[in-house]
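If you're wondering where the values come from, they're calculated on a predicted model, not measured in any experiment. In listed order, ligands and their atoms are each counted from 1.
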Amino acid sequence: MKETILVEHLEKVFYSQNDMEIIALTDMNLRVPENEFLCILGPSGCGKSTLLRIIAGLEKASSGRVFYNGREHTKPCREIGMVFQSYSLMPWLNVLDNIALGLEFAGVSKPERMAIAREYLDMIGMSNFGKAFPYELSGGMQQRVAIARALANNPDVLLMDEPFGALDAYTRIIMQKELLRIWEQRKKTIIFVTHSVDEAVYLADRIILMSGNPGRIKKEIAITIPRVRERSNPRYGELTSELLALLEGA
Ligand SMILES: Nc1ncnc2c1ncn2[C@@H]1O[C@H](COP(=O)(O)OP(=O)(O)O)[C@@H](O)[C@H]1O
Ligand SMILES: [Mg+2]
């Protein structure tokens, strides 16, 4: 299968205030085939966000390289979209204009971008909030808008950094289902960071488990349970327990 993202010998070192070296990532190697739903699971501080930011081209690697469709990738581009851990909406734009922002940059006409923005507004269950401003919304609603904005751009690769962390349990399950539906329909490659074992087992074709200090890949597990996955499936429970045990030692 064609690989969409390739990460080779990636290393990232930060320097703290007192010049101590923080090795955020060491010798990361990752091959993400086209249309894969990859979940990255790992404890806080193990370098998950740093990895996504480098793949997105938002942060420079200390050494090693990232390739997108066979070409070295170092700068943000439209084909690779990102949903950040904290909702990053433009406070002066209403919800619809926030969702349509990337489309405006891409030169899509106003009627067309508003139609697309409305479609995604409906998808996130916020049809009545198009004219609302970010400050009028709860954290979970703002995050849903941020997700809609990323999806509206229709990127080929979607990098998602704990996107559902701020959602209530019910909305989270709805969004997981919707994301799978979009991924299946639109043939995207998704790299999804989470620290929820349940979420990773529900979503992923493959889970990469990371450990910290220094950040690296600890284990890789393919999830072959057919979708739509039932949490009552015994295999679901076994995988969840196995991963929780691994995470405890990470
Ligand atoms: N800009 C930065 N400057 C210094 N240290 C950083 C910076 N960003 C991340 N780090 C450090 O790198 C490590 C990995 O961080 P991060 O990628 O945010 O982890 P995660 O997303 O898995 O919680 C942590 O030790 C963190 O403190
Ligand atoms: Mg993080």
Side-chain angles (χ1 to χ4, degrees), residues 5-32 37-66 68 73-76 80-89 139-140 142-147 149-150 155 157-167 172 175-176 179 189-204 206-221 240 243-250:
I5 297 286
L6 179 66
V7 172
E8 264 184 6
H9 304 300
L10 198 67
E11 206 101 34
K12 180 68 185 181
V13 183
F14 289 112
Y15 293 92
S16 67
Q17 304 279 11
N18 50 356
D19 251 7
M20 290 271 290
E21 262 192 6
I22 301 163
I23 302 174
L25 297 169
T26 187
D27 199 25
M28 284 287 296
N29 293 283
L30 195 59
R31 189 180 280 274
V32 189
F37 201 127
L38 177 71
C39 280
I40 296 180
L41 191 62
S44 183
C46 73
K48 304 181 296 297
S49 295
T50 303
L51 175 65
L52 277 201
R53 292 176 57 81
I54 294 173
I55 294 175
L58 294 168
E59 184 116 46
K60 274 199 166 24
S62 302
S63 64
R65 299 195 291 176
V66 175
Y68 168 56
H73 176 70
T74 51
K75 287 195 199 100
I80 303 183
M82 177 123 172
V83 178
F84 296 92
Q85 210 163 343
S86 57
Y87 13 98
S88 39
L89 303 179
Q142 290 186 49
Q143 186 63 335
R144 278 190 275 162
V145 176
I147 291 164
R149 180 181 55 190
V157 179
L158 195 51
L159 307 173
M160 307 185 83
D161 194 355
E162 302 190 27
F164 302 156
L167 304 182
R172 190 168 186 153
M175 293 298 291
Q176 289 169 353
L179 182 61
T189 305
I190 299 187
I191 306 180
F192 187 106
V193 164
T194 180
H195 54 229
S196 161
V197 170
D198 171 78
E199 185 161 78
V201 174
Y202 185 77
L203 294 173
R206 182 165 61 117
I207 298 176
I208 298 273
L209 186 74
M210 284 180 65
S211 60
N213 298 315
R216 61 192 183 280
I217 294 174
K218 188 174 170 183
K219 201 173 167 72
E220 205 185 294
I221 298 176
T240 307
L243 279 160
L244 275 173
L246 282 167
L247 200 53
E248 260 172 44

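Using a 4.5 Å heavy-atom cutoff, the side chains of Thr189 and Leu158 are not in contact. Between Leu41 and Ile208 the shortest side-chain heavy-atom distance does not fall below 4.5 Å. Under the 4.5 Å side-chain criterion, counting only non-hydrogen atoms from C-beta, Asp161 is not in contact with Leu159. Residues Ile221 and Arg206 have side chains not in contact (no heavy-atom distance under 4.5 Å, counting atoms from C-beta outward).
Asn213 CG: 12 or fewer foreign heavy atoms inside a 6.0 Å radius.
Among protein residues, Phe14, Ile22, Ala24, Pro43, Ser44, Gly45, Cys46, Gly47, Lys48, Ser49, Thr50 come within 4.0 Å of ligand 1, judged on heavy atoms.
Here the protein contributes Ser49 OG as N, O or S atoms under 2.8 Å from the Mg ion (ligand 2).
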TODO: Could you give me the CA-CA distance, side-chain angles and deciding distance for Phe192 and Phe164, then say whether ring-ring contact (aromatic ring centres under 6.0 Å, His included) is met?
DONE: CA-CA 10 Å; Phe192 187 106; Phe164 302 156; 5.5 Å; yes
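Note that CE of Met210 and NZ of Lys218 are 12.0 Å apart. Values are rounded to the nearest 0.5 Å.
In summary, the side chains of Glu11 and Thr26 do present a donor paired with an acceptor at a separation below 3.5 Å, with no hydrogens or angles considered. Checking Asp198 against Ser196 by side-chain atom types alone, no donor-acceptor pair falls below 3.5 Å.
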